[in-house]
Each structure stands twice: as structure tokens, then as C-alpha cells.
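Just below is one structure, and these are the notes that go with it.
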Amino acid sequence: MSGPAAGTAVAATTTDVVCLGESMVTFLPSQPGRLADVPSFERGIGGAESNVACALAAAGHRAAWVGRVGADGFGDHLVETIASYGVDTSAVRRDPFRPTGIYFRTATDRGTDTHEVAYYRAGSAASAMSPANVPYEELFAGRILHLSGITAALSGDCLALLRELTAARPGRPLVSFDVNHRPHLWRGGDADASVLLELARRADLVFVGEDEAEEAWGIVGAEAIRAAVPEPSVLVVKRGSAGATVFASGLRPGPRSSNAGEAEVVTHVPALRVDVVAAVGAGDAFAAGFLSATLRGLPVRDRVRHGHLMAAAVLTVPGDLTEPPARDHADRLVALDDEAWGRLRLGPGWTAADRAPEEVRTP
């Protein structure tokens with residue numbers, strides 16, 4: 001059977017956010033340099049959607065990750081590591097015929113010319129996800145379903161699955177979609193641009209970087225992006241060091257129909273100054289922070305600030321994941337006035353629970 005049956009009842013909500021997507025074992029270099037020169041690697045995990053789930057669970061939310069891994073040791077490692085963050089992995093499927101994907105990367109920033117990534121994911125278990133083999137009851141059991149454009153690029157079946165999950169239907173949870181444009185994953189041509197735009201326009205809450213919108217769609221500026229993606233109730237345009245601009249007509253964590261008729265509000269929130277250790281995983285952390293604050297019903301400015309703080313937590317550690325700041329610590333920082341927020345500068349160790357706002361301000 002392909003997709004959920006029409007009128008399928010949604011299970012009672014026991015989860016805040018369900019994240020579906022590929023997760024892989026990642027090998028992090030022991031020292032800077034070309035992959036050819038790195039003598040050893042440390043094993044970790046990487047995956048946009050599982051990163052979001054882990055960050056949300058660490059922040060105290062009920063998060064689930066749904067994916068497909070091989071019946072192998074790397075699959076065991078992924079499931080056990082993600083579960084160790086408090087994420088529900090009970091709906092993860094094991095594929096006895098396909099392996100778990102892995103990749104290696106250099107220590108340099110993804111945006112530099114010296115950054116290298118070697119993926120071994122072709123034919124992976126995750127690429128076999130399809131409308132016929134995912135647990136729809138679990139996917140629709142949360143208040144929010146979080147997806148990304150990476151999944152759409154893995155295979156034709158994965159794209160069909162995302163089209164099913166973003167289709168309008170009664171009882172659909174709020175669908176959060178991170179565009180996550182990864183040109184190297186697509187099989188050439190302009191298909192990626194049109195597919196990502198299609199999926200974004202079918203979602204309720206969309207995250208997109210100003211740079212990736214220009215690269216994928218040739219669209220420059222937050223207002224132009226909103227004109228191209230008018231349907232979502234909430235559109236978050238990430239603008240790098242300039243901060244983020246949010247176009248919001250519905251701020252509650254419910255389907256867009258429940259927010260119909262609300263006037264649109266445009267909010268810009270400056271970014272923080274951060275002493276970056278590694279610029280990997282910040283986008284996923286930002287999404288987790290924004291979703292966490294959305295679940296709490298906070299004002300849009302505070303949602304963005306929580307996104308910035310979650311991103312800063314990851315930016316100040318070497319890997320994709322870290323323990324987020326305690327909620328009361330983050331809330332104190334979010335509550336600062338604009339002048340004090342602008343003076344913040346965060347470096348390694350800033351998330352310590354005993355840090356007061358004054359201790360992380362610049363002199």
C-alpha cells in the first residue's frame with residue numbers, strides 16, 4: 001500500500017516532534033588537513049533530522065527519530081547513540097539488504113574551498129525509504145513533523161515519500177521543512193530547485209538560508225524569498241551573521257488551517273557574536289531551538305533567539321551535537337533587551353548551567 005489511507009486517524013499525540021530522515025556514521029579527523037593526510041578519525045553520527053531530534057530531546061522535549069538503517073554494526077551505533085540523547089527510536093526500521101551510510105570529512109569549515117567530504121551512502125538503507133515502508137501512525141503522532149530537503153535527494157522513492165508527507169490532509173500535524181539544499185546529492189539539472197520549492201510551499205513552517213535560496217532558486221533577499229514561498233504560515237530566512245528574518249501569520253504549533261486569517265508579521269532578529277570552534281550542525285541546532293520555543297508558545301522574537309542560542313551551543317564545540325544550555329539559562333539570555341543582546345559574545349563553555357548573563361557579555 002502506498003501512503004496512508006484517506007481519512008486515516010492520527011494517533012493520540014504523545015510526542016512533541018517527530019523527525020524523519022537519513023542519519024549516517026561520520027568519521028571526524030584527528031587533525032586538520034586533507035583527507036589523504038589525516039592519519040585517523042573519531043567516530044560520530046551525523047544527520048540533519050536526527051540532529052534536530054537529539055537537540056530537542058536534550059532540551060526536555062519528547063522527540064522521536066524515524067529512519068532506516070542497515071542491519072549492521074554502524075546501524076546499531078546510530079540507533080544506540082541517538083537513543084542515548086533521550087530520543088524515541090522505536091520506529092526506526094532495519095534493512096537486511098542495504099548498509100548504513102557513512103561519511104568522512106575534514107576539520108575545515110564546510111564553506112571553505114579546503115573542506116572535503118567523502119560520502120559512502122549510495123544504495124544505503126536510508127535511500128530505500130518510501131511511501132510503502134514507513135510507519136505513518138508514528139510519523140503523524142507528534143505535534144510537529146520535521147523533514148528536510150536532504151531526504152528528497154536520496155532517491156525517487158524518498159522524494160515520493162516527502163510528497164506524501166507534505167500533502168494536505170485532515171489531521172496532519174504541523175509540517176516543518178528545512179530546505180537544506182545540498183547540490184552534490186542531486187543527480188544534475190535543475191530538478192533540485194523545483195523540487196525543493198515545491199516541498200517548501202507545501203509545508204507549514206519553513207527554514208531556508210538566504211544563500212541557499214540564491215543558489216537553488218536564483219532569488220535574492222528575504223522579501224523575494226517570501227514572495228516565492230507564500231504558502232507556509234511561518235517562513236524563517238536565515239541570513240548568516242546578519243541574523244534571521246521571520247514572516248509569520250500563524251505562530252501556534254497546529255496545521256495551517258487553524259491559523260488562517262491571521263495578519264502577517266515580519267520580525268528581524270540579529271545574530272549573536274560567537275567564537276566558532278566548528279561550523280557544522282548549526283543550522284540543525286537553530287531549527288531545534290526555534291521548534292522548541294514554538295512548542296512553548298513563545299513570541300516570534302524569542303523563538304529566533306532560542307534558535308541563535310542553540311546554534312551557538314553547537315558552534316562552540318567540535319562536533320554536530322552538544323548539550324544545550326539549561327532552559328532557565330537560555331530564557332535569561334533571551335529576555336535581555338536589544339542592547340544587551342547585541343553585546344553578547346559566546347565562546348566555548350558558555351552553556352555551563354552556572355553562567356549568568358553578565359558572565360557571557362563582552363566588556
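Numbers here are sequence positions counted from 1.
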[X] with [Y], same ILVMFWY side-chain cluster at under 4.5 Å:
X: V234; Y: L295; value: yes
X: V87; Y: L78; value: yes
X: L161; Y: L197; value: yes
X: V317; Y: L344; value: no

How long is the gap from NE2 on H77 to CZ on R43, to the nearest 0.5 Å? 4.0 Å

Could you go step by step and tell me if S90 and D88 meet the side chain to side chain donor-acceptor pair (under 3.5 Å) rule? CA-CA 6 Å; S90 61; D88 180 356; 2.7 Å; yes

Can you name the residues that form a side-chain hydrogen bond (donor to acceptor under 3.5 Å, both in side chains) with [X], not counting sequence neighbours?
X: D338; answer: R305
X: S40; answer: S30
X: T245; answer: R239, H268
X: D275; answer: R345

Could you please spell out the steps behind the side chain to side chain contact (heavy atoms under 4.5 Å, CB included) verdict for L154 and R121? CA-CA 9 Å; L154 298 180; R121 74 202 314 176; 4.1 Å; yes

Kindly write out the residues that satisfy side chain to side chain contact (heavy atoms under 4.5 Å, CB included) with [X], not counting sequence neighbours, or none if the list is empty.
X: Q31; answer: P39
X: D95; answer: R68, F97, R98, A125, A128
X: N51; answer: D284, D320, L321
X: P135; answer: V66, A91, R93, E138

What pairs meet the ring pair (Phe, Tyr, Trp, His ring centres under 6.0 Å) rule with one or both residues in [range], with sequence neighbours excluded?
range: residues 39-62; value: F41-F104
range: residues 294-319; value: F286-H308
range: residues 207-228; value: F207-F290

Atom CD of residue position E198 - does it have more than 12 heavy atoms of other residues, nucleotides or ligands inside 6.0 Å?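 Yes.
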
Go through it in stages, so that I can follow the logic: the residues are L56 and H146, the test is side chain to side chain contact (heavy atoms under 4.5 Å, CB included), and I'd like the CA-CA distance, side-chain angles, deciding distance and then a yes or no. CA-CA 12 Å; L56 284 167; H146 181 70; over 6 Å; no

After noting the C-alpha distance and the side-chain angles of L174 and L205, does the key distance pass the side chain to side chain contact (heavy atoms under 4.5 Å, CB included) rule? CA-CA 7 Å; L174 183 148; L205 190 165; 4.0 Å; yes

With sequence neighbours left out, what residues match D331 under salt bridge (charged side-chain N to carboxylate O under 4.0 Å, His left out)?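 Salt bridge (charged side-chain N to carboxylate O under 4.0 Å, His left out) list for D331, sorted by chain: R296.
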
Could you walk me through whether F177 and L162 pass the side chain to side chain contact (heavy atoms under 4.5 Å, CB included) check? CA-CA 10 Å; F177 180 72; L162 257 64; 4.2 Å; yes

I'd like to know if D76 pairs up with R94 as an ion pair, taking the criterion as any Lys NZ or Arg NE/NH1/NH2 lying under 4.0 Å from an Asp or Glu carboxylate oxygen.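 Salt bridge present between D76 and R94.
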
Is there a side-chain contact between V175 and L165 (heavy atoms, below 4.5 Å)?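 SC-SC contact between V175 and L165 ruled out.
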
